[in-house]
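Take a look at the structure set out below.
Just follow the structure's listing: the first ligand is 1, and inside any ligand the first atom is 1. All of these numbers come straight from a predicted model, not from anything done at the bench. One is the number of the first residue; the rest follow in order along the sequence.
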Amino acid sequence: MALLEEISKNLQAGQAQKVKDLVQQALDEDLSVSDILNDGLLLGMSIIGGKFKRNEVYVPEVLIAARAMHWGMEVLQPLLEGAGIEPIGKVILGTVKGDLHDIGKNLVGMMLRGAGFEVIDVGIDVSPEKFVEAAKENGAAVVACSALLTTTMPQMKNVVEAVHSAGVPIKVMIGGAPVTQDYADEIGADGYAPDAASAADMAKQLVDAA
Ligand code: B1M
């Protein structure tokens, strides 16, 4: 589909306004939200990711592509989120301490909201203590941690430990590119999800089991 390819290409070029307009055009032409997300925005971001890895582009290019992704997402977000539905649970969502990546986290947030959760997004670079405090303050059942760096993954273990020491019945779920089910098992996390859509399923499982 040419329009989705155009979204991907403009995202890679960091053309935020153009991406936003094209996403709206795709919706007007009745393309599905998941196609626009997966074959337009996410595809563009993954191509930029590959180029970044091969040193074909550098941080500024990645940042402007990420900004374009956010602009496109602004159009999709209301459609991903359920309207007027009672929350099925509260989730504290954040990127762990030392880690500034938030694109995947934001996607997870959108999917969780779309699945009917109330999401309290505590942002990036979030300490274990802040995760626990936010969960206690808001009466949340689940803390959801994202990490994109192998160097920040160990913070997830600290979150699990902080929840245990606080003695609160909060489930911890984790995800992010370097994170695996094995790692989740190793640190005693209650759940792991490989992508944003499965994150919503996992949060439901954790809330149902509580
Ligand atoms: Co960064 N970066 N980055 N970066 N960056 C990666 C992650 C990297 C793999 C690139 C590379 O070298 N190939 C590499 C990590 C290597 C490693 O640790 N193994 C890396 C590095 C090294 C760095 C810096 C250290 C670079 C530097 O300064 N030298 C630095 C670190 C800064 C910091 O955090 N302290 C850095 C900085 C940046 C930017 C600021 C330039 C920018 C972030 C902008 C932003 O987020 N606002 C950036 C970006 C964009 C990337 C890449 C290119 C793309 C990440 C992304 O957004 N992907 C990335 C390379 C790549 O992935 N190919 C890279 C799209 C996003 C939708 O995917 O976040 O994986 P992702 O989310 C997925 C799943 O993982 C999952 O769902 C999402 C999709 O469905 N998921 C969850 C995520 N969280 C979840 C939580 C869940 C469940 C599922 O439950 C709670």
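The NE2 atom of H70 sits 10.5 Å away from the CD atom of Q77 when rounded to the nearest 0.5 Å.
There is no side-chain donor-acceptor pair under 3.5 Å between Q25 and D21. Of the N and O atoms on the side chains of S198 and D201, not one donor lies less than 3.5 Å from an acceptor on the other residue. Between the side chains of Q12 and S8, at least one donor N or O sits under 3.5 Å from an acceptor N or O.
Atoms of ligand 1 found under 4.0 Å from any heavy atom of A177, numbered from 1 in the order shown, are 70 (O), 75 (O). Close contacts of ligand 1 with A193, meaning ligand atoms under 4.0 Å from a residue heavy atom, involve 88 (C), 89 (C). Close approach of ligand 1 to D99 (heavy-atom distance below 4.0 Å) involves ligand atoms 34 (O). With ligand atoms numbered from 1 in the order given, ligand 1 contributes 91 (C) to contacts under 4.0 Å with heavy atoms of A144. Close approach to C145 involves these atoms of ligand 1, each under 4.0 Å from a residue heavy atom: 86 (C), 91 (C).
Residues L41 and M73 have side chains in contact (heavy-atom distance under 4.5 Å, counting atoms from C-beta outward). The side-chain heavy atoms of K136 and V168, taken from C-beta on, include a pair separated by under 4.5 Å.
Two different hydrophobic clusters hold W71 and I48 under the rule that ILVMFWY side chains link at heavy-atom gaps under 4.5 Å. In this structure, Y192 is a member of the same hydrophobic cluster as I187, with clusters built from ILVMFWY side-chain heavy atoms closer than 4.5 Å. Both V119 and I88 belong to a common hydrophobic cluster when Ile, Leu, Val, Met, Phe, Trp and Tyr are linked at side-chain heavy-atom distances under 4.5 angstrom.
Ligand 1 has an N or O atom lying under 3.5 Å from an N or O atom of G98, backbone or side chain. For ligand 1, none of its N or O atoms has an N or O atom of H70 under 3.5 Å away. At a 3.5 angstrom cut-off on N or O pairs, L100 counts as close to ligand 1. For ligand 1, the polar-atom distance check finds an N/O of T150 within less than 3.5 Å of one of the ligand's N/O atoms. Geometrically, ligand 1 and D195 share no nitrogen or oxygen pair separated by less than 3.5 Å. Distances between N or O atoms of K105 and those of ligand 1 include no value under 3.5 Å.
The two residues A147 and T152 have their closest heavy-atom pair at CB-OG1, 3.8 Å. When every heavy atom of A166 is checked against every heavy atom of V132, the shortest pair comes out as CB-CG1, 3.8 Å.
Within 6.0 Å of atom NZ in K97, 12 or fewer heavy atoms from other residues, nucleotides or ligands are found, so the atom counts as exposed in its surroundings.
Checking A203, G175, A66, G104 against atom 85 (C) of ligand 1, the nearest heavy atom belongs to G175. Taking each of L63, V57, V96 in turn, the one with a heavy atom nearest to atom 44 (C) of ligand 1 proves to be L63. Of the listed options K51, M202, H101, H101 places a heavy atom closest to atom 43 (C) of ligand 1. When G44, G176, A199 are checked for heavy-atom proximity to atom 82 (C) of ligand 1, G176 turns out nearest.
Proximity of L148 to ligand 1, defined as any heavy-atom pair under 4.0 Å, is shared by backbone and side chain alike. Using a 4.0 Å cut-off between heavy atoms, V62 contacts ligand 1 through its side chain alone, with no backbone atom that close.
At least one heavy atom of I174 lies less than 4.0 angstrom from ligand 1. Ligand 1 has at least one atom lying under 4.0 Å from a heavy atom of P194.
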